[in-house]
Amino acid sequence: MLAAEAHDVPFIVEQVNHYLGPPVLAIERAIMPSIYGLFGAHWHEPAPGELIIPAHIVWTVLLMIVVSLGVLLLRGKLSVDRPSKGQQLLEVVVEQVRELLDQVIGPYGRRYLPVVGTFAIFILIGNLMGLVPELGAPTENINVTGALGLTSFLYYISMGFRQQGVKYLKHFTGGLTGAMLPTLGILIFVVELLSNSVRPVTLSLRLFVNMFADHQIAGVFLNLAPILVPIFTIVLGIFVAFVQTFIFIMLSMVYLSETVPHE
């Protein structure tokens with residue numbers, strides 16, 4: 001971010017860059033040129049006035065800290081007979097995700113609970129962060145949503161090969177066998193390969209575009225009517241945060257359902 005836009009930098013991001021920016025820049029100077037050199041590229045230092053630690057990195061690290069501490073505090077001392085309110089809240093979240101996995105994937109679904117549940121909590125809290133003054137939603141940045149989409153893609157592909165081995169490739173040929181395999185099967189394989197290749201892109205873009213658009217619309221309405229509109233924008237923001245979280249994990253579960261052994 002340029003110096004002319006420095007007034008737009010949130011206080012937390014500004015302070016993080018003030019205290020941690022210099023040591024981070026020193027580390028980058030030591031390792032980034034060689035990393036870029038492996039790919040035939042040249043690393044450039046941040047321009048004067050530009051953030052050394054981008055805002056989305058600050059929000060993502062803050063999100064991970066908040067989620068980790070929040071889960072530990074809510075969990076407290078686990079008890080079967082006298083669970084705390086925090087434990088009961090976590091159990092409700094786990095049960096809701098577990099029911100979705102049972103409905104979409106079936107008996108194999110619960111093995112994916114840790115990853116899908118992590119997606120749900122990370123994305124939901126990340127979306128809601130944008131509603132807090134002086135904070136920003138990490139999911140409003142394409143780098144964050146791109147990483148989420150790529151992680152979901154790599155996870156379900158790896159689960160497919162882990163559970164079915166080479167037989168997982170049958171999914172990409174529509175399950176055809178015999179004389180149909182070398183003819184129509186090749187065409188289906190190419191189509192399925194292209195379809196799966198765009199999934200991380202569509203996952204990341206859908207989340208990014210909706211959260212970015214929601215933030216921009218809220219900003220416009222706040223400028224038009226800063227007194228009357230905040231309640232409306234907050235309610236709309238919460239609704240969008242939950243809907244986009246649900247869509248992301250639902251699509252991830254649908255993709256995971258394709259990796260389950262049919263037998």
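Everything quoted here is computed from the prediction, not taken from an experiment.
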Of the non-hydrogen atoms in [X] and [Y], which two are nearest, and what is the gap between them?
X: G126; Y: P138; answer: O-CD, 3.5 Å
X: I234; Y: L131; answer: O-CD1, 4.0 Å
X: S34; Y: I31; answer: OG-O, 2.8 Å
X: R111; Y: Y155; answer: O-OH, 4.3 Å
X: I12; Y: V58; answer: CG2-CG1, 4.1 Å
X: W59; Y: E134; answer: CH2-O, 3.4 Å

Look at the side-chain heavy atoms of Ile, Leu, Val, Met, Phe, Trp and Tyr, link any pair under 4.5 Å apart, and say whether [X] and [Y] land in one connected group.
X: L205; Y: L154; result: no
X: I125; Y: F239; result: yes
X: I57; Y: W43; result: yes
X: V132; Y: V13; result: yes
X: V209; Y: L203; result: no

Candidate pair L169 and F161, rule side chain to side chain contact (heavy atoms under 4.5 Å, CB included), full reasoning: CA-CA 8 Å; L169 293 175; F161 283 105; 3.8 Å; yes

Report yes if the distance between the aromatic ring centroids of Y36 and F39 is under 6.0 Å, otherwise no.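 Not under 6.0 Å, so no.
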
Contact check, side chains of [X] and [Y], non-hydrogen atoms, under 4.5 Å:
X: M159; Y: V260; answer: no
X: N127; Y: F242; answer: no
X: I105; Y: Y112; answer: yes
X: L135; Y: L62; answer: yes
X: I247; Y: Q244; answer: yes

Which distance, rounded to the nearest 0.5 Å, do you find between the [atom1] of [X] and the [atom2] of [Y]?
X: L69; Y: L74; atom1: CG; atom2: CG; result: 10.5 Å
X: I249; Y: I123; atom1: CD1; atom2: CD1; result: 8.0 Å
X: I121; Y: L90; atom1: CD1; atom2: CG; result: 7.0 Å
X: L193; Y: I188; atom1: CG; atom2: CD1; result: 13.5 Å
X: I142; Y: F212; atom1: CD1; atom2: CZ; result: 11.0 Å
X: I35; Y: E28; atom1: CD1; atom2: CD; result: 10.0 Å

Any donor-acceptor N or O pair under 3.5 Å, side chains Q103, E99: no

Donor-acceptor side-chain pairing of N196 and Y156 below 3.5 angstrom: yes

Side chain to side chain donor-acceptor pair (under 3.5 Å) against E95, all qualifying residues, sequence neighbours excluded: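 Counting only residues at least two positions away or on another chain, E95 forms a side chain to side chain donor-acceptor pair (under 3.5 Å) with R98.
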
With D214 via side chain to side chain donor-acceptor pair (under 3.5 Å) - residues at least two apart: none

Do the side chain of [X] and the main chain of [Y] share a donor and acceptor less than 3.5 angstrom apart?
X: S68; Y: I65; result: no
X: N17; Y: L51; result: no
X: S257; Y: V254; result: yes
X: Q163; Y: T259; result: yes
X: S152; Y: L148; result: no
X: N141; Y: H56; result: no
X: S195; Y: V191; result: no

May I have all residue pairs that pass ring pair (Phe, Tyr, Trp, His ring centres under 6.0 Å) and include part of residues 113-147, sequence neighbours excluded? F119-F248

Ion pair E258/R199, N-O distance below 4.0 Å: yes

